[in-house]
Every structure is written in C-alpha cells, then in structure tokens.
Amino acid sequence: MSYATRDIRNVALAGHPGAGKTTLFEALLHAGGALTTAGTVERGTTVSDFDPMEKTRGHSIDIAIASIDHAPVSDRSYHLNLIDTPGYPEFRGPALSALAAVETALIVVDADTGVEHGTVRLMERARERGLCRVFVVNKIDHEQADCARVIAQLREMFGQEVLPLNLPADGGRRVVDCFGSASGDSDLGPVAEWHQRILDQVVEVDESVMEHFLDGGEQGLSPQELHDAFERALREGHLFPVCFVSARSGVGVPELLQIAERLFPDPTEANPPPLLKRNGHGDEPLAVQPTNGGHVIADVFKIVNDPFVGKLGVFRVYQGTVKRDTQLFVDDGRKPFKVGHLFRLRGKEHVEIDEAVPGDIAAVAKIDELHFDAVLHDSHDEDAVRLAPTSFPKAMFGLAVQAASRGQEQKLSTALQKLAEEDPAFVVEHNAELNEVVIRGLSELHLRVMLERLKERFGVEVTTRPPGIAYRETISTKAEGHHRHKKQTGGAGQFGEVFLRIEPLPRGSGFEFVDEVKGGTIPGQFMPAVEKGVRQVLQTGAISGHPIQDVRVIVYEGKHHPVDSKEVAFVTAARKAFLDAISKAKPQVLEPIVDLEVGAPEAQLGDVTGSLAGRRARITGTDGARGEVVVHAQVPMSELDGFAAELKSLTAGKGRYSLDFSHYEPVPPQVQQKLAEAYKPKHEED
C-alpha cells in the first residue's frame, strides 16, 4: 500500500512496568488489520516480545517496531508506525532512543495501580523532545480499576490540561466519545460536562477559533478549524488527552486507533525535529522540509546485530525519500554505500520495501559504518548535520569482566562492542591502568541481562568481579609548581623547565589549559609537549590514582636550551611541575554521589531508612500511595555494595530501587587517607 507523508503517524508506547504496553501494542495491530489474531505475553506469542529472554522473563527488554496500513471505510488510508518500549527503568536506553523517532508518545497508565513514579519521568522526557503526549488508561474493565481516581491523579500531577477524549461506561465494558459528542452518560459522569471542558481547552489556543466559537458555539466551527486547534493544543502542551481502553478485551482499542489516525499529528504538523548543523561558530538549528524532493536526511535511532542479516540500522527519514539501489553517506563519510536492501520491521520480521518517504521508519542492513545516532544523507551539503543528542541516564552500576576461557578475549571484545551498539545506556570501558574491562549499566538487572545475552547470543562466558569505584581527584586552592628537567647522557642531553599555576574550577567544569608564556621562554613548538605532560597527570592522578578534574593549569614561564631542549624533556618537566603544584593545592579525592529512589512496602520504611543511614545517605524526601512508600536519597556510590541483597531481605523481595548520577563531592578525610595509602604510584626513572 502506497502512502504519503501526511498519512503517517509515528507513535511510541511508553509507561511503567506492567501497565500493559505490549498487550496494547498487540491489540492495536489486531484492530488495524496487521494481525489476524492478537498474541499474549503469557504465551510468548506477541510481535514485540520476540526475544527468547523477553519470553522467559515476561516483559520487554528492547524496543520493537511494527506498522499498520489501515483504510477506514470510505476514508483515506493511514500508515501507523508503532514502537513498543520497555517499562523497566533498567532498559531506558532503547526506550529514550525511540522517543527521538516519533511525534507522539502514548503514555500507558494502569487503571488498577494508578499513576506511578515513572510516569512523571516519561512525561518530562517526552516534553524535552517536543513530543505530543497522550495518556492511555488501560485495564478499565478490571474489578480493581478506579478510572475516576486515575484521572484525578493525572490532573493533580500534570495540570488541568489533562482531559479525556472518551470515557469508560458500563463498568469499563465500552467507551463513549466526549470530544465529538455532548450526549450520553459514563462511569465518570455526564458526557456533556467533559465535552465542554475539552472544547474550551482546545479553542482557546487560537484567537480566531475562539472568536468563532463565542459567536456561533460549536456549530460555528468547521471540522478543519477544530482539528487544527486540537493539533496545536497537543503540540504546544496545552492539552494532554486521555483515552480509556482494555487492551486485553479490546474495549476502546478501535476508538484509540481512530483517534490516532484522525487527531494525532503527521510529520508535517508536529513540532520540528531538533536537527543541528555545524558551522565555524558551533551548531545552529536546521529546518528540514518533510518533502520528497529534497536531499535525504535520516537519523539512525536503533542498531540491531541480527545473526541472519548482519548489522541492521533502523532510521527515521526527516527529508527526502530513501530508495532501494540509491547511494547514501554516513555522517561526514567520504565513501557512500548502496542501499541494496530496504526493510520495514514487523517485530523480528524484515519486510522488503522499495522506498521510505519523509516521516517514515525503515532499516538498512550490512553497513558496518552504521552506529547509533548516525545521520544518513545523499549530499555532502549535509555532512555536518546531526540530531540534537538525547540525554541518557549515566551508567553507574559496573562489573569488571574477563573471558572465562583463554583465547576468547577477542570474541568477548567483539560481543561487548555489539551489545554497546544496541543499547546507548550500556557502556564498555577499558581501564588501562588496572588492565580490566568494565561494563556499566543502569542496574544490576541491566548487567545481568547483558551477561545472559553474551552467553546466549555470542557464546561467551565471563567471570566477573566488582570494579573500582569511579573516584576523581581535584584541588581546593590555588598553587604554583616548578620543575627543571636536566639529563646528560654523553651526547646531546635533555633540558626543559616549566613554571605553572593551578586553580580550582567549579564542580563539573573539567579541565582548562592556558598558555601565558611571554617572550618565547618556552618555544611554541614545545607547548604541545607541556600540555601532554599535564594531561598525563590528569589521567593517572596524583594522590589516589584516579583522574583529576575541575582544574585550570596556567603555564606562565619556563626555560629552554637551543640544543638540548626536546619534547620529552618538556613532557617530563610539565608533569613534575603539575605534581609539585598539586601537592601544595590541598588535593581532594571526590566520590560519585547518586540520586537513589527506593520503593518498598510502607511497613518497611523504618528498616529501609535505617539501612540507608548506615550507608552515609542523605534522605531528601518520601512519598507514596496504596501501601508503598518511595524514599528519595543521595548516597555515595561506594556505599551501595550489597544494597540490592539487603533490600530484598528487608522487604521480602518486594523492594525496588533505581539511581541516576548526581554529582561528585569530597570523600570524608578517613576515606581519602585510606585511598591514598592504598595507592602506590610507580614513578619511571627519568
């Protein structure tokens, strides 16, 4: 079925774990005719949870994409690209990357449990990307469902902009329209009252529409005026619509599909994508036209290493049309690649297509240069174009890994690289000083899943151990340092002398190197060597063996010899001058502090806060509902060793927690002393 850009709707399903996103995904595909029978999570037959690990665990780990080509009776046809995202915070990397590819985020809320903490985070992330946000309240026919309470919670948390497009009726056995109709009754009261509320909210975004409404009432508005006002209210965050469904029974699902087709924005109507173009002064916004005739601009938002088709790059087209057998460039690459095969995804299936029009989602395979966030284009005019980067949570949980069998080191390295390509929140580091490979993720569950994938998909088994904590070093006051390096070996000698000052910078500023040498006392050709010597210390540390940050180094004086001065001499002189200055600048060891969120049964609040207090935590607040309490705290990363097992024991397995990096701050004096004593730097003989 052929379609134009205006017929496309790109929608991501997001929400907290257990809200029913995958079941709704399946129900929408069935309602749109893409499936003859809807699968179930319990039987492991859904389109989206096709990975064996997802079937075993009963929840999504990665995003899944499928599309619907739907032609309502006597109406135009529509093409919906749906992306099912995992709900667990451990797998936020793929979920956040998917938000960059759509115009609308469907945030699914459980009618049984109500609004949960992850919903707030998802709304904020969607707002950051300029997405239209729509709530879907699922499981409305459950005995425990309380739709009135849920919509009250949503309005309390997100404002009066939260208004329903339809309402549950007959105990959740059907839904009734309250946007296009003013008559009838519902489980939440008379339809007329809600109809008036949403109409008032929509028309006030446009003065002309408001004037027509005031003059002639609802009859004074044309269907196009009402549609345009609705789309603008949605795009500007002036309206957060709510739809009610039961994905399991299908109640409200056809209505949701119709709402998506008729009211959600197409790629030409939504907020423009945050594309940037580098120039000599930095990045400037780039406006693209989602038309067929322009140069191709597409962004790769997902990498899949498929055992049958190789590396698969899934991309969203922003401008131009990607056609099979044409050539594209990757980023600013000089060598183009040929689009030999172009795919549309349907879960694990790859369906070949001839072209992808602006706004569409497609995939290409077997292109080694592809990577997450790569820009595909067909003209060197777009070499400097990129999509504004997505902010991913910092991967704080770590494990040092090594191959369990000798000879598998290269296989392990290749497998880890492929896993990191697929998940932007999974990081692989190599600590050259300790000669260890460290994998980092968002939780212990995240890392456990990655280790299982290493074994199941790549046949690599590893041994693990806790890695070193990512401490940092800094200084707390200004100081000066000096060193003269002089070495005579019979022939030409080595000579270099460096004077420098160091100053602390605000936390998180990084490093600055300033050249204030006057009169050529250090010739310009040796200044890179001076900076190299300084940066050597930045990497290896001075008092505890950890990288140095938040410091400015100002080189202001030095001496050279016309014959004996060499780069190696100035590298050594700068390194030792920097160490000399650090020793006088009251050096400090910094430790990573994380924002910790712990959920537990209310009865265990005292036990949880007691455990945190013993881990040097600062509790910043608590909240909760329905028998669960959530504790917010800041705690040193080094104090969380064993916390998962302790929380499980304290709460009989009902506790959960998540964390995000917050900042660095100085360790207590006794901890710094212990770290300094354990560090025994080995200085090379000069």
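In what follows, every heavy atom counts, from backbone to side chain, and hydrogens, waters and symmetry copies are set aside.
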- Item | NZ/NE/NH1/NH2 to OD/OE distance under 4.0 Å, Asp550 and Arg472 | no
- Message: Would you compute the distance between atom CE of Met450 and atom CG of Asp423 and round it to the nearest 0.5 angstrom?
- Response: 4.0 Å
- Task: Quick one: list whatever passes side-chain hydrogen bond (donor to acceptor under 3.5 Å, both in side chains) with Asp306, sequence neighbours left out.
- Result: none
- side chain to side chain donor-acceptor pair (under 3.5 Å) pairs, two or more places apart, involving residues 453-464: Glu422-Arg457
- Item | Straight-line distance of Leu96 CG to Arg129 CZ, nearest 0.5 Å | 9.5 Å
- If you count the non-hydrogen atoms of other residues, nucleotides and ligands that lie under 6.0 Å from CD in Glu567, is the total more than 12? no
- Message: Testing the basics here: between Phe50 and Ala64, what is the closest heavy-atom pair and its distance to 0.1 Å?
- Response: CE2-CB, 4.4 Å
- Message: Do Val498 and Phe570 have side chains that approach each other closer than 4.5 Å (heavy atoms only, starting at C-beta)?
- Response: yes
- So Leu612 and Val631, side-chain contact (heavy atoms from CB on, under 4.5 Å) or not? Walk me through it. CA-CA 10 Å; Leu612 292 175; Val631 180; 3.9 Å; yes
- Message: Between Glu436 and Arg465, does any NZ, NE, NH1 or NH2 come within less than 4.0 Å of an OD or OE carboxylate oxygen?
- Response: yes
- Query: What is the minimum heavy-atom distance between Pro666 and Gln588, and which atoms define it?
  - Reply: CG-OE1, 3.7 Å
- Query: Are the aromatic ring centres of His59 and Tyr88 under 6.0 angstrom apart?
  - Reply: yes
- Task: Would you indicate whether Asp641, at its atom CG, is surrounded by more than 12 heavy atoms from other residues, nucleotides or ligands within a distance under 6.0 Å?
- Result: no
- Query: Could you go step by step and tell me if Val514 and Arg552 meet the side-chain contact (heavy atoms from CB on, under 4.5 Å) rule?
  - Reply: CA-CA 7 Å; Val514 182; Arg552 177 185 291 121; 4.1 Å; yes
- Side chain to side chain, Leu590 and Val667, heavy atoms closer than 4.5 Å: no
- Query: Charged N to carboxylate O below 4.0 Å: is that the case for Glu124 and Arg121?
  - Reply: no
- Tightest non-hydrogen contact, residues His485 and Ala573, listed as CB-CB, 4.1 Å
- Query: What's the verdict on side-chain contact (heavy atoms from CB on, under 4.5 Å) for Leu447 and Ile439, showing C-alpha distance, side-chain angles and the deciding distance?
  - Reply: CA-CA 8 Å; Leu447 294 183; Ile439 58 173; 4.1 Å; yes
- Query: When the ring planes of Tyr657 and Phe397 are compared, do they come out parallel, tilted or perpendicular, using 30° and 60° as the limits?
  - Reply: tilted
- Does the ring center of Phe301 lie less than 6.0 Å from the ring center of Phe372? no
- Item | Glu54 versus Ser48, closest heavy-atom pair with distance | OE1-O, 3.6 Å
- Is Phe158 close to Thr119 at the side-chain level, that is, under 4.5 Å between some pair of heavy atoms? yes
- Message: Distance check, rounded to the nearest 0.5 Å: Phe511 atom CZ versus Arg535 atom CZ?
- Response: 5.0 Å
- Task: Using only heavy-atom distances, determine whether the side chains of Thr22 and Ser60 contain a donor-acceptor pair under 3.5 Å.
- Result: yes
- Could you please spell out the steps behind the side-chain contact (heavy atoms from CB on, under 4.5 Å) verdict for Val671 and Val589? CA-CA 9 Å; Val671 176; Val589 176; over 6 Å; no
- Message: Quick one, Ile502 and Ile582 - any side-chain contact, counting heavy atoms below 4.5 Å?
- Response: yes
- Message: Checking the side chain of Glu26 only, and the main-chain atoms of Val47 only, is there a donor and an acceptor separated by less than 3.5 Å?
- Response: yes
- Could you tell me whether Glu452 and Arg57 have a side-chain N and a carboxylate O separated by less than 4.0 Å? yes
- Give the minimum heavy-atom separation between Thr85 and Ala14, together with the two atoms involved. OG1-CA, 3.4 Å
- Item | Side-chain donor/acceptor of Ser509 to backbone N/O of Pro506, under 3.5 Å | yes
- Among Arg618, Arg616, Glu665, which residue meets the side-chain hydrogen bond (donor to acceptor under 3.5 Å, both in side chains) test with Gln634? Arg618
- Query: Are Lys348 and Asp49 close enough for a salt bridge, meaning some N to O gap below 4.0 Å?
  - Reply: no
- Do any N or O atoms from the side chain of His546 and from the backbone of Ser544 form a donor-acceptor pair under 3.5 angstrom? yes
- Task: Would you mind checking if Glu421 and Lys418 are paired as a salt bridge, meaning a charged N to carboxylate O distance below 4.0 Å?
- Result: no
- Over all atoms of both residues, closest heavy-atom pair of Leu500 and Val555: CB-CA, 4.1 Å
- Separation between CD1 of Ile543 and OH of Tyr679, rounded to the nearest 0.5 Å: 10.0 Å
- Query: What distance separates Arg133 CZ from Met123 CE, expressed to the nearest 0.5 Å?
  - Reply: 5.0 Å
- Query: Say you draw a straight line from OG1 of Thr609 to CD of Gln604; how long is it, rounded to the nearest 0.5 Å?
  - Reply: 11.0 Å
- Query: Got a sec, which pairs hit salt bridge (Lys or Arg N to Asp or Glu O under 4.0 Å) with one end in residues 642-653, sequence neighbours left out?
  - Reply: Arg615-Glu646
- Item | Pair Glu480 + Lys584, salt bridge at N-O below 4.0 Å | no
